[in-house]
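Within every chain, numbering begins at 1; the chains are lettered A, B, ... in the order of the sequence lines, protein sequences first and strands thereafter.
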There are 2 protein chains.
Amino acid sequence: MKLTSKGRYAVMALVDLARFDNINPVSLRDISLRQGISLDYLEQIFSKLRKKEIVQSIRGTQGGYILKRKAKEIKLTNIFDAVDEKVKTVQCKKESKKGCNGKSTKCLTHNLWDELENHINNFFEEKSLEDLVKDNSERRI
Amino acid sequence: MKLTSKGRYAVMALVDLARFDNINPVSLRDISLRQGISLDYLEQIFSKLRKKEIVQSIRGTQGGYILKRKAKEIKLTNIFDAVDEKVKTVQCKKESKKGCNGKSTKCLTHNLWDELENHINNFFEEKSLEDLVKDNSERRI
DNA sequence: TATAAACCTGAGTAAAATAGTCAAGTATAT
DNA sequence: ATATACTTGACTATTTTACTCAGGTTTATA
Ligand code: FES
Ligand code: FES
């Protein structure tokens with residue numbers, strides 16, 4: 001079970017962006033330099049974040065990105081959802097009555113993985129971008 | 001973030017095995033048929049489980065595997081550890097003072113991922129094989 | 001109005017991880 | 001003897017990841 005770079009970078013970039021929230025748009029180039037993430041890769045990620053209305057883009061010179069919603073209202077779960085970093089523990093289709101083994105009942109471990117999925121998602125639903133920015137500025141004092 | 005087949009199968013196979021605990025050794029062939037897991041793959045998995053003393057093998061005809069420890073004392077975390085299904089959220093080496101970005105401080109999200117890792121591992125440390133077997137037999141009543 | 005900064009889009013690709021298979025054994029109950 | 005079942009190690013196809021690359025378009029500003 002591991003976190004992918006895409007998810008990790010998305011959050012990292014947004015924390016960076018959120019720290020300058022509403023002062024100026026932040027260019028991907030700056031984020032790229034500060035956080036050591038490839039610019040081209042960031043563009044892919046921000047394209048998805050924009051489509052899910054987490055950030056807003058401002059084109060042209062002096063352009064960049066700003067948050068579209070308040071940092072408090074952006075949960076980790078929204079970010080992960082936007083970049084397709086999904087938690088997948090069960091093998092079967094949840095809606096189907098069939099199990100992952102192809103049989104007509106769910107497998108011996110289905111409930112367990114379902115519980116695990118909820119356990120992890122709870123964590124993501126609780127954390128907001130604001131929390132992350134705060135945690136970070138506290139560390140710096 | 002997803003669970004691999006190896007981890008999923010390891011737990012599934014052990015729940016199957018634990019249900020017959022100490023009556024008879026259970027052959028991998030039987031588990032393979034009941035759970036729909038390739039026999040060859042099961043062999044790989046049980047080789048690891050044996051090395052970590054979670055199961056014990058009995059060779060020859062009528063042979064198979066039995067649990068080496070009590071089901072109550074086998075936690076999910078032990079199983080996952082045995083088959084190298086590890087939870088990996090941070091990118092950097094935890095011991096190192098360097099960050100995942102190559103800089104001399106930890107990145108903006110390091111603490112977050114560390115918390116997440118603990119959150120997930122807590123789940124694995126709480127659940128024992130006994131719990132899983134019970135959950136399952138209850139469902140059947 | 002020329003220019004450069006910055007966003008935008010889609011395709012392509014190398015490397016890594018996963019999910020197995022395959023082959024050739026050894027041990028033991030019957 | 002023989003069939004059942006564990007043991008071991010190598011090998012491979014597929015999928016996923018983590019990017020790169022090549023072209024755009026928009027807009028502030030000199
Ligand atoms: S994971 Fe859902 S049936 Fe096995
Ligand atoms: S994950 Fe540890 S420094 Fe970034």
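In this entry the distance linking NZ of B:K48 with C1' of D:dT8 reads 13 Å, nearest Å. As rounded to whole Å, 16 Å separates atom C1' of C:dC8 from atom CD of A:Q56. With rounding to whole Å, B:L42 atom CG is found 13 Å from D:dA5 atom C1'. In this structure, B:L3 atom CG and C:dT18 atom P are separated by 11 Å, rounded to whole Å. We find that CG of B:L39 is positioned 13 Å from P of D:dT4, with the value rounded to whole Å. Put simply, CD1 on B:I45 is 15 Å from C1' on D:dT7, counting in whole angstrom units. Taking atom CG of A:N24 as the reference point, atom C1' of C:dA5 lies 15 Å away to the nearest angstrom. In this structure, B:D30 places its CG atom 12 Å from P of D:dT4, rounding to the nearest Å.
Side-chain atoms of B:R29 do not come within 3.5 Å of backbone N or O of B:G64 as any donor-acceptor pair. Of the possible polar contacts, one joining the B:N78 side chain to the B:K75 backbone as a donor-acceptor pair under 3.5 Å is found. Although no hydrogens or angles enter the test, the distance criterion places no donor-acceptor pair under 3.5 Å between the side chain of B:T109 and the main chain of B:L112. Within the 3.5 Å criterion, the main-chain N or O of B:H119 finds a donor-acceptor partner in the side chain of A:H119. Side chain of B:D131 to backbone of B:S128: a donor-acceptor contact under 3.5 angstrom is found.
Remark on DNA chain C: of its neighbouring residues A:L28 and A:K2, the 5'-side contact belongs to A:L28, judged by nearest-heavy-atom nucleotide.
Of the listed nucleotides (D:dC6, D:dT20, C:dA19), C:dA19 has the atom at the smallest distance from the side chain of B:Y41. Residue B:R29 has its side chain nearest to D:dA5 when only C:dT21, D:dT7, D:dA5 are considered. Distance from the side chain of A:T4 is smallest for D:dT17 among the nucleotides D:dT17, D:dC6, C:dC7.
Heavy atoms of A:F46 sit nowhere under 4.0 angstrom from any nucleic acid atom. B:V26 comes within contact range of the sugar-phosphate backbone alone, with a heavy-atom separation under 4.0 Å but no base atom that close.
Residue B:R8 has no polar side-chain atom (N or O) positioned under 4.0 Å from OP1 or OP2 of C:dT18. Phosphate contact (OP1/OP2 of D:dC19, side-chain N/O of A:S5, threshold under 4.0 Å): present. Look at A:Y9 and you won't find any side-chain N or O under 4.0 angstrom from OP1 or OP2 of D:dT17. Residue A:S27 places no side-chain N or O under 4.0 Å from the OP1 or OP2 atom of C:dC7. At the phosphate of C:dC8, OP1 or OP2 sits under 4.0 Å from a side-chain N or O atom of A:S57. OP1 or OP2 of C:dC8 has at least one side-chain nitrogen or oxygen of A:R50 nearer than 4.0 Å.
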> When every nucleotide of nucleotides 22-30 of chain C is labelled 5' to 3' by its protein contacts under 4.0 Å (heavy atoms), B for base, S for sugar-phosphate only, - for none, what sequence of letters results?
Replying inline: B--BBBBB-
> Does the salt bridge (Lys or Arg N to Asp or Glu O under 4.0 Å) test come out yes or no for A:K6 and A:E85, once each step is laid out?
Replying inline: CA-CA 7 Å; A:K6 193 168 261 178; A:E85 171 84 39; over 6 Å; no
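Listed by residue number, there are no residues of residues 81-95 of chain B with a heavy-atom contact under 4.0 Å to DNA chain C.
With rounding to the nearest 0.5 angstrom, the CD1 atom of B:I37 is 6.5 Å from the CD1 atom of B:I45. For the atom pair A:E117 CD and A:K86 NZ, the distance stands at 11.5 Å (nearest 0.5 Å). Note that CG of B:L3 and OH of B:Y9 are 11.0 Å apart. Values are rounded to the nearest 0.5 Å. Here the straight-line distance linking atom CG of A:L28 with atom CD of A:E43 works out to 6.0 Å at 0.5 Å rounding.
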